[in-house]
S.K.: 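Can you read through this structure? Questions will come right after.
Per chain, numbering begins at 1; letters A, B, ... match sequence-line order.
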Amino acid sequence: MEQALYFTNSLSREKELFKPLNPPHVGMYVCGPTVYGPAHLGHGRPYITFDVLFRYLTHLGYKVRYVRNITDVGHLEDEVEGTGEDRIQKRARLEKLEPMEIAKLFTDEFHRCMRLLNVLPPSIEPRASGHIIEQIEMIKKILDNGFAYVSNGSVYFDVIKYAQSHDYGTLSGRIVEEQLAGAGSERRELEGQDEKKNPADFALWKKAQPNHIMRWPSPWSEGFPGWHIECSAMSRKYLGETFDIHGGGMDLLFPHHESEIAQSKGCCGHAPVRFWMHNNLITINGQKMGRSLNNFINLDQLFTGNHPLLKQAYTPMTIRFYILQAHYRSTLDFSNEALQAAEKAMIKLMNSVKAIDRIKPSAQSTVQIKPLRQKCYEAMNDDLNTAIVLSHLFEASRIINSTITGKEQLTAADLTEIKKLYDDFLFTILGMMQENAADDRSVDGLMNLILSIRQEAKLKKDFAVSDRIRDELLKLNFEIKDSKDGTSWSKN
RNA sequence: GGUCGCGUGGCCGAGUGGCUAGGCAGAGGUCUGCAAAACCUUGUACAGCAGUUCGAAUCUGCUCGCGACCUCCA
């Protein structure tokens with residue numbers, strides 16, 4: 001099916017029709033995690049957002065190469081304290097672990113969380129530490145082109161020089177002159193600032209301090225790559241000098257992505273990315289959730305409920321649903337109330353999906369099912385509006401439930417249609433999944449036995465027994481529901 | 001100070017000129033031995049002020065409030 005997908009290109013700040021460079025192939029790069037700590041809720045959002053984009057593009061028939069990096073080279077821990085100590089190194093020293101051991105630990109942890117959230121693995125997941133050579137090659141080329149200079153063993157990108165022949169700041173709407181004017185009233189004291197010709201310059205290669213463990217040889221010094229160069233080098237290697245989509249959180253727009261553009265142009269002479277996409281941040285009490293603000297809740301803590309701000313545990317699918325209920329370009333505020341509402345809504349939706357099989361087809365349908373599919377496509381095509389897609393799926397849910405209570409009727413064909421709607425949009429594209437799916441057959445058998453005993457008790461009007469069975473099962477998280485047609489159960 | 005964005009009914013959260021978003025919570029009802037679920041009904045919402053328009057939550061201006069980023073916190 002041919003669908004015209006529009007999404008907001010951060011470069012123009014407008015919705016643009018997406019056309020890949022080389023259809024049906026799509027190259028997509030998303031900034032991945034730095035693996036020096038556990039992933040928190042704020043990290044969950046971009047990976048879920050771009051997972052949905054990956055899934056949707058794939059669903060539309062594109063051949064997507066999705067590259068998401070792992071940053072494991074570490075950078076400065078705390079420049080304000082002036083220690084210059086590598087973050088990963090600091091953790092390692094504290095916990096007496098090798099830096100790479102830490103990186104491995106949190107990479108595994110990250111993967112585990114992504115799996116639980118049903119985030120598909122990317123096509124390629126390159127590590128920064130495995131692409132030092134590519135980064136050095138790129139820096140060399142930028143130096144050759146005259147857009148960088150060596151200073152005391154470090155290499156800096158020359159923003160002023162670059163801005164004379166190229167647009168700088170187009171992505172973030174910044175003007176070099178204003179940056180240089182030093183308008184910032186409280187400019188921070190940054191380590192290595194005196195090595196730069198200009199405060200606007202940024203590092204491509206940093207010479208390592210003696211206590212810096214993570215280091216690699218280079219033509220300029222033993223050191224490590226600058227903050228931005230890894231994404232440029234790895235995207236170029238796997239997606240080419242120009243590729244379709246680059247995604248990430250809005251907090252990366254400047255300086256990270258702006259620098260990526262400058263580096264790539266400085267190296268190859270043209271812009272690396274055609275469509276930039278940025279998801280908004282998750283806030284808590286109106287403030288950005290982030291490591292630096294120390295107001296984050298780890299994904300694992302959400303899953304276990306083990307955090308002082310959490311009133312209960314939330315399942316991975318609840319988290320995913322909560323994120324999908326908002327549009328990706330809006331901020332999303334954390335609260336227990338919001339998560340609890342999402343949990344209930346999700347369970348309601350999932351229950352009606354399960355209930356489809358209980359419906360007996362009718363000769364005629366009393367409602368139109370077909371239009372829902374096109375409405376879902378329209379919502380996805382309009383800047384990935386997952387919130388609207390969900391509202392249509394709730395409409396389908398209402399139809400299913402009304403059919404069960406006899407208010408509506410559906411033909412076998414429409415039942416198939418509605419099932420396919422959920423398969424495609426809820427499961428395949430939005431990536432939701434049933435969490436407590438039908439365990440195993442022995443539970444089915446046991447439940448059938450117990451429920452038949454309860455049914456006999458009810459027929460004998462022995463409600464003490466029937467209620468006891470129901471209440472005790474509920475304590476074990478098996479919820480049973482009586483209806484005219486019999487009793488159904490679900491595990492919560 | 002600069003750049004960008006936000007302010008929607010009790011809560012979360014869609015929506016960019018006229019048509020019910022949706023979810024959660026609340027109220028009433030149907031069903032039911034009770035309960036739960038489900039279904040039906042129910043909401044003076046669009047920060048404030050002024051303007052454009054036949055018509056604005058949606059466009060313009062101003063005011064107030066909040067947030068993100070501002071060069072090495074991915």
S.K.: Roughly how far apart, to the nearest Å, are B:rG9 and B:rC24 at atom C1'?
M.R.: 13 Å

S.K.: Do the side-chain N or O atoms of A:Lys288 get closer than 4.0 angstrom to the phosphate oxygens (OP1, OP2) of B:rC69?
M.R.: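 True: A:Lys288 side-chain N/O within range (under 4.0 Å) of B:rC69 OP1/OP2.
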
S.K.: Would A:Thr366 and A:Gln409 count as a side-chain hydrogen bond (donor to acceptor under 3.5 Å, both in side chains) here? Give the steps.
M.R.: CA-CA 5 Å; A:Thr366 52; A:Gln409 296 182 343; 5.8 Å; no

S.K.: Are the ring of A:Phe394 and the base ring of B:rG23 both nearer than 5.5 Å at their centres and tilted by less than 30°?
M.R.: no

S.K.: For the C1' atoms, the ones on B:rC39 and on B:rA57, what distance do you get once it is rounded to whole angstrom?
M.R.: 32 Å

S.K.: Indicate whether OP1 or OP2 belonging to B:rG22 is found under 4.0 Å from a side-chain N or O atom of A:Lys348.
M.R.: no

S.K.: Let's see if you can work this out: which of B:rA21, B:rC73, B:rG23 has an atom nearest to the side-chain heavy atoms of A:Tyr36?
M.R.: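 Closest nucleotide to the A:Tyr36 side chain: B:rC73.
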
S.K.: Using the P atom as the reference point in each nucleotide, state the distance between B:rG18 and B:rG23 in Å, no decimals.
M.R.: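 Result for the P pair: 23 Å, nearest Å.
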
S.K.: From NZ of A:Lys475 over to C1' of B:rA35, roughly how many Å is that when rounded to an integer?
M.R.: 15 Å

S.K.: Give a yes or no on whether a donor-acceptor pair under 3.5 Å exists between the nucleobase atoms of B:rA35, that is its base, and the side chain of A:Arg470.
M.R.: yes

S.K.: Determine the interatomic distance between P on B:rG61 and the same-named atom on B:rC69; round to the nearest Å.
M.R.: 26 Å

S.K.: To the nearest angstrom, how far is A:Leu393 atom CG from B:rG13 atom P?
M.R.: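 Atom CG in A:Leu393 sits about 20 Å away from atom P in B:rG13.
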
S.K.: Does A:Asp467 make a side-chain donor-acceptor contact with the base of B:rG33, cut-off 3.5 Å?
M.R.: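 Answer yes: a donor N or O sits under 3.5 Å from an acceptor.
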
S.K.: Test ring-ring contact (aromatic ring centres under 6.0 Å, His included) on A:His131 and A:Tyr238 and set out the steps.
M.R.: CA-CA 11 Å; A:His131 296 76; A:Tyr238 297 111; 5.5 Å; yes

S.K.: Taking only side-chain N and O atoms of A:Arg398, does any of them lie within less than 4.0 angstrom of OP1 or OP2 on B:rC40?
M.R.: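 Yes, because at least one side-chain N or O of A:Arg398 sits under 4.0 Å from OP1 or OP2 of B:rC40.
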
S.K.: Please report the closest heavy-atom contact between A:Glu258 and A:Thr170, naming both atoms and the distance.
M.R.: OE2-N, 3.5 Å

S.K.: On a whole-Å scale, what distance lies between the C1' atoms belonging to B:rG15 and B:rC46?
M.R.: 11 Å

S.K.: Whole angstroms only, please: what is the CD-P distance between A:Glu395 and B:rG23?
M.R.: 9 Å

S.K.: Out of B:rG23, B:rA68, B:rA14, which has the shortest distance to the side chain of A:Gln325?
M.R.: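 So the nucleotide nearest the side chain must be B:rG23.
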
S.K.: Are any non-hydrogen side-chain atoms of A:Tyr328 and A:Phe50 less than 4.5 angstrom apart?
M.R.: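 No; the side chains remain at least 4.5 Å from each other.
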
S.K.: To the nearest angstrom, how far is A:Asp471 atom CG from B:rA36 atom C1'?
M.R.: 10 Å

S.K.: Under 4.0 Å from OP1 or OP2 of B:rG15: is there any side-chain N or O of A:Asn385 that close?
M.R.: yes

S.K.: Treat a base pair as Watson-Crick or G-U wobble with both distances under 3.5 Å, then lay out RNA chain B in dot-bracket form, 5' to 3', with | for cross-strand pairs.
M.R.: (((((((..(((.....[...))).(((((.......)))))....(((((..]....))))))))))))....

S.K.: Does the plane of the ring in A:Tyr377 sit parallel, tilted or perpendicular to the ring in A:Tyr56? Use 30° and 60° as the thresholds.
M.R.: tilted

S.K.: In whole angstroms, how far is the C1' atom of B:rA35 from the NZ atom of A:Lys481?
M.R.: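 The answer, rounded to whole Å, is 13 Å.
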
S.K.: Please state how far atom CG in A:Asp201 lies from atom P in B:rC70, giving the value in whole angstrom units.
M.R.: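 After rounding, the reported distance stands at 17 Å.
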
S.K.: Any non-hydrogen side-chain atom of A:Met432 less than 4.5 Å from a side-chain atom of A:Leu390?
M.R.: no

S.K.: Any donor-acceptor pair under 3.5 Å linking the side-chain atoms of A:Asn401 with those of A:Ser352?
M.R.: no

S.K.: Rounded to the nearest angstrom, tell me the gap between atom CG in A:Asp251 and atom P in B:rA68.
M.R.: 11 Å

S.K.: Please verify the inter-ring angle class for A:His166 with A:Tyr162; under 30° counts as parallel, over 60° as perpendicular, anything in between as tilted.
M.R.: parallel

S.K.: Taking the same atom, P, in B:rU44 and in B:rG2, what whole-Å distance lies between them?
M.R.: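 Here B:rU44 and B:rG2 have their P atoms 43 Å from each other.
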
S.K.: Pick the C1' atom in B:rA68 and in B:rC62, then give their distance to the nearest Å.
M.R.: 24 Å

S.K.: Find the distance A:Leu473:CG to B:rA36:C1' and express it as a whole number of Å.
M.R.: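 Atom-to-atom, A:Leu473 to B:rA36, this comes out as 13 Å.
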
S.K.: Sticking with atom P, work out how far B:rG33 lies from B:rC11, rounded to a whole angstrom.
M.R.: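 These two P atoms come out 39 Å apart once rounded.
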
S.K.: Write down the atom of A:Asp333, the atom of A:Gly286, and the distance for their closest heavy-atom approach.
M.R.: OD1-N, 3.2 Å

S.K.: Are A:Ser330 and B:rA14 close enough that a side-chain N or O sits under 4.0 Å from OP1 or OP2?
M.R.: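 Checking A:Ser330 against B:rA14: at least one side-chain N or O falls below 4.0 Å of OP1 or OP2.
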
